[in-house]
Amino acid sequence: MTDHTSAALRSGLNNRYRVLEVHVVGGEGRDPEKHLVVSSSPSLRDTELCVLQNSWESVPVVPGDIIHLEGECNSGTWIINEQSGYLILYPDLLLSGTTISSSIRCMRKAVLSERFRGSECGSRQTLVGTILHEIFQQSVTNNLSPEKVEELANTIVYGQKYLKEMYHLKLKQTEIMQEIEEYLPSFFKWTEEFVHNPANQNKMQLKLPSEDKTGDCSSKVEIVDILDIEENIWSPRFGLKGKIDVTARVKIHRQCGVQSRIMPLELKSGKESNSIEHRSQVILYTLLNLERRVDPEAGFLLYLKTGTMYPVTGTRMDRRELIKLRNQVAFYLMHSTYKSAVGRQQSQLAALPPAIDDSQACKYCSQIHNCFLYSRAVEERMASVTFPPAMIPVIERETQHLKPSHLEYFSLWYLMLTLEMQSGDGKKGYKNIWMIPSLEREKAGDCAGNMIRTDQVQEVSEGQYLHSFQRKNGAVLGANLLVGDRVVVSGEENGLLGLATGYVREIGATKISCLLGRNLSKLPESTTFRLDHEEGDCGIGVPFENLSKLMKDSPVSEKLRNLIIDFHKPRFIQHLSSVLPPEAKEAVASILKGLNKPQKQAMKQVLLSKDYTLIVGMPGTGKTTTICALVRILSACGFSVLLTSFTHTAVDNILLKLAKFKVGFLRLGRAQKVHPDIRKFTEEEICRSRSIKSVMDLEELYNSQPVVATACMGINHPIFVQKQFDFCIVDEASQISQPICLGPLFCSKRFVLVGDHQQLPPLVQNSEARDLGMSESLFKRLEQNQNAVVQLTVQYRMNSKIMSLSNKLVYEGKLECGSEKVSNATANLPNLKMLKLELADASKTWLKEVLEPDKPVCFLNTEKAGCKPSDIGIISPYRHQLKVITDLMARLKESRVEVNTIDKYQGRDKSIIIVSFVRNSNDENLGALLKDWRRLNVAITRAKHKLIMVGCVPSLRRYPPLEKLLCHLQATSLTSYIFNLPAGAHESIHKCNIL
DNA sequence: ACTCTGCCGAGAGGA
């Protein structure tokens, strides 16, 4: 994407330029060149010239792009060629060292891996590799003796940290330990040679690029000090990021003298290949090092199996080629869609990097499924894309299980997800951390700057370090970071970006404590930090992954494709007796007793279903109660249940109820995000309290409960690799986008979606994606199969008059009150009499009327009142309005009244609801939010006893849903609902709030 | 043209 309008441009070391023009020069015997007219001034008036030569002209740069230039600029001209300079395309897109090194062999794979992150499912070797890394890193940092290393290996292998992975791969701890043992002798040999006894070692050839003079470059290398492990570096200069296994101070002994350098050391536990991929990784790490220290020029590759260490020098040529490769990958990632030049300018998916002709490499490729899928669903129709001839029949064969409808579904959703991801780009990216000073970002509340560390760093658990920060000047924090938020900790100084990531643990007036993945105590005490709220994009990986899974050639995926894409009719069995075990009958009957008729019907329908059931939970119809009863019945019948929802809060809502009935369950997900009363059911807590340290115990825990609950993004948990559930229940299903909702469905035989498509749909930011249908939930899509739908129509929230609104407008009269009591309930206003006396003066008669408990619905017309819409309200479509209201309420010292958006109020209720519609007749264009009748429906179904709506009637009439509502209000003979407010009425309305 | 919640990740090896 070329839209970087807000990007800050700079010259100097961190120079950013915008490309204004691109000219291809040369040909006719002359070497081709590309001339770029670039500018770093905000006005784009002062321009410079950038000349690309010696194959740099192949960089796919276009006008509008942001580039970073490295090298020298002489009188306004940059020369980037064989000898000097680098051009980095889209430098704010940081690519990891492994992404680039893997793109050497197959760029297509590298690009696919950026989208489909979970495809690499791990193996024994990778797990052993990870564990070996940790053992080595800790041993070398703490200079451990061989006995201590053995001990450490034991604690790690028989500890808690890698149990999940071992369970996932069905590996035993003893097996892993055995394999680890085999590595230790070579590791000891290496420490002898390079750390303890460097004088005895063999010489190695190490020629650093800066040493021009030829001659003897054989040297002895000595590791003097380990400065860091897992050092995380972000380099917006080279557009790179990475974690460096070991950062070591190294002495190079030569005939001509001794040199000291800080160099990266890359560990490998696999085959001693000294391959180009491995070497490239080291070279990229030397580039990353430039962010923090002098150019190391070289690094080392250490193969743990043999203890052999190879020096890797990054020549200019190596670096240049790797940067060019990075630019290409960056180009493909930034141009994953394009607008068709003709017609309606619709976005289309672009081709991936071409497939390579290497069946050997493809055989072991973890992305092969996605590679074939994309070629079949997207690229096949493109004239410009060709495949190696040998590959064509393979693609054909590997995708033959997919019908055209499946391929269409895939490409449409792939496109929509990509569009949505791009539109988040501006906000999401980490680039704000380096592009916006902390002080400025703090105003938006997303950052806390100028912080220093205070207390000792505590290692709370393996790899979790508790850090405390406070302002350098002791000032109060302005940030609105919340407990549980993810944060990125960086140094305020240059080059210290992304030092660590973690979670906010506690927030005080002047202090923040965070649980970070790395220990920062080694940094100088004077280091000042900034804590940036991480606006995650990682979640976007889950829907891509689910989409890919849906296209797999497996029975589960095939069944879901049939049901979801091809709308096969959901099947039901005839008789309850075949699912209801006799011994469960009594228990089930007693649970059913507490339910109303449609709720009972829903239970029955689910029990009879072979595929799926949709439960429409209209407002106030007891969705939570119903789900809770369903879980109890299903587990009484001996079924296993996977219980999910989009948000943690919704999951815990049900669990809180379930806990009362003593139904056992296991809650997955980070304890911090879980309701305090439910935390004791989380895997994390149980593992801690029972100090589970063996794969067997963990497996026992996973199998101990037939009911497992998680947020639906949490389906990458290893439990789901091995367990299949009888039923999956998805709450809030009408608010979840299809590819996310799919996730939990792979883990069960049947599913139940609970929701109400008349309420708000999944949130989609990108308008084009929305127009393409991205906000259609799976619930809505499947609702056309009416035989799978049960409606909960008996509601216990609203009194009859409030209910009648939405009943008329939305539910075609299907809603009914659960009891007389519900139907007639009015607001309890104990101070009303006193207040009425206060309001005796005639100008306020309207307020008296509004407050009458037997007028449950009223609409206050602000048209003539001159009352600013921005003065009133409790729920509102707009966040800005809420801010104004909250401030006013604070001035009136009223904090008990909850102020929130309509969207956030979905699923909740209150006795009295005041809706502020905000819109004023002066508004030139209609906003989109109020056009959505689902939002209106949510707004008018939150109140139990009294619904007060405030807004300018003539303005609101321009919105079709509100027009309908107002018409209905006028047409009803119950009472005159609409009041015309006199001037200055808004003050009184706040008094009304204080009731 | 105003609505916002989920995910731990860059890299663990394989040819």
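In what follows, every chain begins at residue 1, and chains take the letters A, B, ... in the order their sequences are listed.
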A.B. asks: For A/Tyr503, does the six-membered ring have the charged nitrogen or CZ of A/Arg486 within the cation-pi criterion, i.e. under 6.0 angstrom from the centroid and within 45° of the normal?
C.D. replies: yes

A.B. asks: Heavy atoms under 4.0 Å, any strand shown: does A/Ala361 hit a base, just sugar-phosphate, or nothing?
C.D. replies: nothing

A.B. asks: On DNA chain B, compare the nucleotides closest to A/Glu165 and A/Leu267; which residue's is nearer the 5' end?
C.D. replies: A/Glu165

A.B. asks: When we call it a touch if two heavy atoms are under 4.0 Å apart, what does A/Lys363 touch: a base, just sugar-phosphate, or nothing?
C.D. replies: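 It contacts nothing in the nucleic acid.
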
A.B. asks: Does a side-chain N or O from A/His717 land closer than 4.0 Å to OP1 or OP2 of B/dC7, or not?
C.D. replies: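 Answer no for this pair, as no side-chain N or O of A/His717 is under 4.0 Å from OP1 or OP2.
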
A.B. asks: What does A/Asp245 touch in the nucleic acid at a heavy-atom separation under 4.0 angstrom: a base, only the sugar-phosphate, or nothing?
C.D. replies: sugar-phosphate

A.B. asks: Report which part of the nucleic acid A/Ser269 touches: base, sugar-phosphate, or nothing (heavy-atom distance under 4.0 Å, all strands).
C.D. replies: sugar-phosphate

A.B. asks: For A/Glu266, answer base if it contacts any base atom (sugar-phosphate contacts may also be present), sugar-phosphate if it contacts only those atoms, and nothing otherwise; contact means non-hydrogen atoms under 4.0 Å.
C.D. replies: sugar-phosphate

A.B. asks: Can you see if the side chain of A/Ser96 gets near the phosphate of B/dG11 - specifically, an N or O under 4.0 Å from OP1 or OP2?
C.D. replies: yes

A.B. asks: Rounded off to whole Å, could you give me the CD1-to-P distance for the A/Ile902 and B/dC4 pair?
C.D. replies: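 The answer, rounded to whole Å, is 11 Å.
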
A.B. asks: Should the pair A/Asp756-A/Arg934 be classified as a salt bridge under the 4.0 Å nitrogen-to-oxygen rule?
C.D. replies: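 Looking at A/Asp756 and A/Arg934, the cut-off is not met.
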
A.B. asks: What is the distance, to the nearest angstrom, from the CG atom on A/Asn546 to the C1' atom on B/dC7?
C.D. replies: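 Roughly 12 Å, once rounded to whole Å.
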
A.B. asks: Taking salt bridge (charged side-chain N to carboxylate O under 4.0 Å, His left out) as the definition, give me every residue that meets it alongside A/Asp532, ordered by chain and number, with sequence neighbours left out.
C.D. replies: A/Arg441, A/Arg530

A.B. asks: Rounded to whole Å, how long is the line connecting atom CG of A/Asp903 with atom P of B/dG6?
C.D. replies: 15 Å

A.B. asks: May I ask you to say what A/Leu127 touches in the nucleic acid, namely base, sugar-phosphate or nothing, with a heavy-atom cut-off under 4.0 Å?
C.D. replies: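 Nothing, no nucleic acid heavy atom in range.
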
A.B. asks: Which residues pass the salt bridge (charged side-chain N to carboxylate O under 4.0 Å, His left out) test with A/Glu266, not counting sequence neighbours?
C.D. replies: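 A/Glu266 satisfies salt bridge (charged side-chain N to carboxylate O under 4.0 Å, His left out) with A/Lys268 only.
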
A.B. asks: Identify which nucleotide among B/dC4, B/dG13, B/dC7 has an atom closest to any side-chain atom of A/Thr901, counting heavy atoms from C-beta outward.
C.D. replies: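 Per side-chain heavy atoms of A/Thr901, the pick is B/dC4.
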
A.B. asks: What integer distance in Å separates A/Gln367:CD from B/dG11:P?
C.D. replies: 16 Å

A.B. asks: What's A/Lys268 touching, base or sugar-phosphate or nothing? Going by heavy atoms closer than 4.0 Å.
C.D. replies: sugar-phosphate

A.B. asks: Suppose we screen for side chain to side chain donor-acceptor pair (under 3.5 Å). Which residues come up paired with A/Ser359, at least two apart in sequence or across chains?
C.D. replies: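 A/Ser359 satisfies side chain to side chain donor-acceptor pair (under 3.5 Å) with no other residue.
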
A.B. asks: Between A/Leu288, A/Ile433, A/Leu240, which is the residue that forms a side-chain contact (heavy atoms from CB on, under 4.5 Å) with A/Trp234?
C.D. replies: A/Ile433

A.B. asks: What integer distance in Å separates A/Leu301:CG from B/dG13:C1'?
C.D. replies: 14 Å

A.B. asks: Looking at every strand, decide which applies to A/Tyr285 at a 4.0 Å heavy-atom threshold: base, sugar-phosphate, or nothing.
C.D. replies: sugar-phosphate

A.B. asks: Does a nitrogen or oxygen in the side chain of A/Thr98 sit under 4.0 Å from OP1 or OP2 of B/dG11?
C.D. replies: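 Result: yes.
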
A.B. asks: What's the CD-P distance between A/Glu732 and B/dC4, to the nearest Å?
C.D. replies: 14 Å

A.B. asks: NA contact type, A/Arg124, heavy-atom cut-off 4.0 Å: base, sugar-phosphate, or nothing?
C.D. replies: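 Nothing: the residue A/Arg124, judged by heavy atoms under 4.0 Å, touches no strand.
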
A.B. asks: Round to the nearest Å and state the distance from A/Asp652 atom CG to B/dT5 atom C1'.
C.D. replies: 14 Å

A.B. asks: What distance, rounded to whole Å, do you find between the two C1' atoms, one in B/dC8 and one in B/dA12?
C.D. replies: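 So the two C1' atoms sit 15 Å from each other.
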
A.B. asks: Look at all strands and tell whether A/Tyr878 reaches a base, only sugar-phosphate, or nothing, counting heavy atoms closer than 4.0 Å.
C.D. replies: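 Sugar-phosphate, backbone atoms only, no base.
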
A.B. asks: Can you sort out the partners of A/Asn900 under side chain to side chain donor-acceptor pair (under 3.5 Å), two or more places apart, ordered by chain and number?
C.D. replies: none

A.B. asks: Sort and list the pairs that fulfil salt bridge (Lys or Arg N to Asp or Glu O under 4.0 Å) and have at least one residue in residues 122-138 of chain A, not counting sequence neighbours.
C.D. replies: A/Arg124-A/Glu179, A/Glu134-A/Lys161

A.B. asks: A/Phe544 CZ to B/dC7 C1': how many Å, rounded?
C.D. replies: 15 Å

A.B. asks: Over all strands shown, is A/Gly502 touching base, sugar-phosphate only, or nothing at heavy-atom distances under 4.0 angstrom?
C.D. replies: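 No contact at all - A/Gly502 keeps every heavy atom at 4.0 Å or more from the nucleic acid.
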
A.B. asks: So does A/Arg105 pair up with A/Glu277, basic N to acidic O under 4.0 Å?
C.D. replies: yes

A.B. asks: With a 4.0 Å cut-off on heavy atoms, is A/Ser123 in touch with a base, just the backbone sugar-phosphate, or nothing at all?
C.D. replies: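 Here A/Ser123 touches no strand at all.
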
A.B. asks: Using Watson-Crick pairs (N1 to N3, plus N6-O4 or O6-N4) and G-U wobble pairs, both distances under 3.5 Å, which stems of at least 3 pairs involve DNA chain B?
C.D. replies: none

A.B. asks: Would you indicate which nucleotide in B/dG14, B/dT5, B/dC2 comes nearest to any side-chain atom of A/Leu929?
C.D. replies: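 Of the options given, the side chain of A/Leu929 lies nearest B/dC2.
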
